[in-house]
Amino acid sequence: MPDQTLDNAGNEVLDAALESVTAEVQTKPKIHAPGEKKGADLEQQVRDANDRALRSHAELENFRKRSQRELVEELRYAIIPFAKDLLSVVDNLERALEAAQKSPDASGLLEGVKMVATQLDAILKQHDCVRIETLGTAFDPNLHQAIAQEASDEYPAGTISRAFQSGYKLHDRVIRPAQVFVSTGPAAK
């Protein structure tokens, strides 16, 4: 890396200057002359300059690493707006499937819509956009949005008994929480 070579060369120059000043101060006799104070001042200035150079180098390196992390993060989640818009299409396909299953005349349409829904789901998974698990899982406010509570003999309290709308995650971020019904346990008798 050219920048690192320049930084190393700068550090070498500062180290050489420090050694030169240190050697000069050590070889001179210890007479309290006006020049001795000047040598000690120069030595301190060289140390200060070296310290500032090292700190600047460390700050620059930290900035580079932080910028690289932010860029990777930004690229990883760049498709969130697109994925959010696409989820309304998924919802409409699910509604079409439900309607087609209720109608006995629509068996061909039902198969076609199922194929499109399966293909769309596979594409979402391919891009790490996955459906959030709901039915029978414990309610998690980070993943689910409770829209109601209901008594259920099938599910214990705090467990999701029905899903109203599917939720999705992109990588590890929730892009839409699942809207669910949460069980309060068996109905009181």
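Just so you know, these numbers come straight off a predicted model, no measurement behind them.
Nearest heavy atom pair, residue V182 against residue A146, reads CG2-CB, 3.9 Å. Across L170 and H127, no two heavy atoms sit closer than the pair CD1-O, 3.4 Å.
Interatomic distance, CD1 of I79 versus CG of D85, reported as 11.5 Å (0.5 Å rounding). To the nearest 0.5 angstrom, E74 atom CD is 8.0 Å from L71 atom CG. Atom-to-atom distance recorded for Q149:CD and F139:CZ is 9.0 Å, nearest 0.5 angstrom. Atom OG1 of residue T134 and atom CD of residue Q165 lie 11.5 Å apart, to the nearest 0.5 angstrom. One distance of note links CZ of R55 with CG of L60; it measures 15.5 Å at 0.5 Å rounding. The distance from atom CD of Q179 to atom CD1 of I132, rounded to the nearest 0.5 Å, is 11.0 Å.
Side chains of L86 and L120 form a contact here, defined as non-hydrogen atoms less than 4.5 Å apart. Side chains of I175 and L87 form a contact here, defined as non-hydrogen atoms less than 4.5 Å apart. Counting only heavy atoms from C-beta outward, the side chains of V113 and L93 approach each other to under 4.5 Å. No side-chain heavy atom of T137 sits less than 4.5 Å from a side-chain heavy atom of L143. Side-chain contact between N142 and V174 is absent, with no heavy-atom pair separated by less than 4.5 Å. No side-chain heavy atom of S161 sits less than 4.5 Å from a side-chain heavy atom of E154.
Side-chain polar atoms of Y168 and R131 form a donor-acceptor pair below 3.5 angstrom. With no hydrogens or angles considered, no side-chain donor-acceptor pair links E150 and T184 at under 3.5 Å.
Using a 4.0 Å cut-off between a side-chain N of Lys or Arg and a carboxylate O of Asp or Glu, K114 and E98 do not qualify as a salt bridge. Checked for salt-bridge contact, D48 and R52 miss the test: no charged N lies under 4.0 Å from a carboxylate O. Between R173 and E73 there is a salt bridge, with a side-chain nitrogen of the basic residue lying less than 4.0 Å from a carboxylate oxygen of the acidic one.
Residues V89 and L124 fall within the same hydrophobic cluster, defined by Ile, Leu, Val, Met, Phe, Trp and Tyr side chains chained together at heavy-atom separations under 4.5 Å. Cluster annotation: F164 is not connected to V90 through the hydrophobic network of ILVMFWY side chains, with a link wherever side-chain heavy atoms come within less than 4.5 Å. Hydrophobic clustering (side-chain heavy atoms under 4.5 Å, transitive across Ile, Leu, Val, Met, Phe, Trp, Tyr) keeps I80 apart from V130.
The backbone N or O of A53 sits nowhere less than 3.5 Å from a side-chain atom of S56 that would complete a donor-acceptor pair. A donor-acceptor distance shorter than 3.5 angstrom exists from the side chain of S183 to the backbone of Y155, with no hydrogens or angles considered.
For E133, the CD atom is loosely surrounded, since the number of other residues' heavy atoms within 6.0 Å does not exceed 12.
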For this session: Before giving the answer on side chain to side chain contact (heavy atoms under 4.5 Å, CB included), spell out for D91 and R176 the whole-Å C-alpha distance, their side-chain angles and the decisive distance to 0.1 Å.
Result: CA-CA 12 Å; D91 293 339; R176 183 176 79 185; 2.8 Å; yes
For this session: I would like to know whether H144 and I160 meet side chain to side chain contact (heavy atoms under 4.5 Å, CB included); could you show each step before the answer?
Result: CA-CA 9 Å; H144 309 113; I160 298 171; 3.5 Å; yes
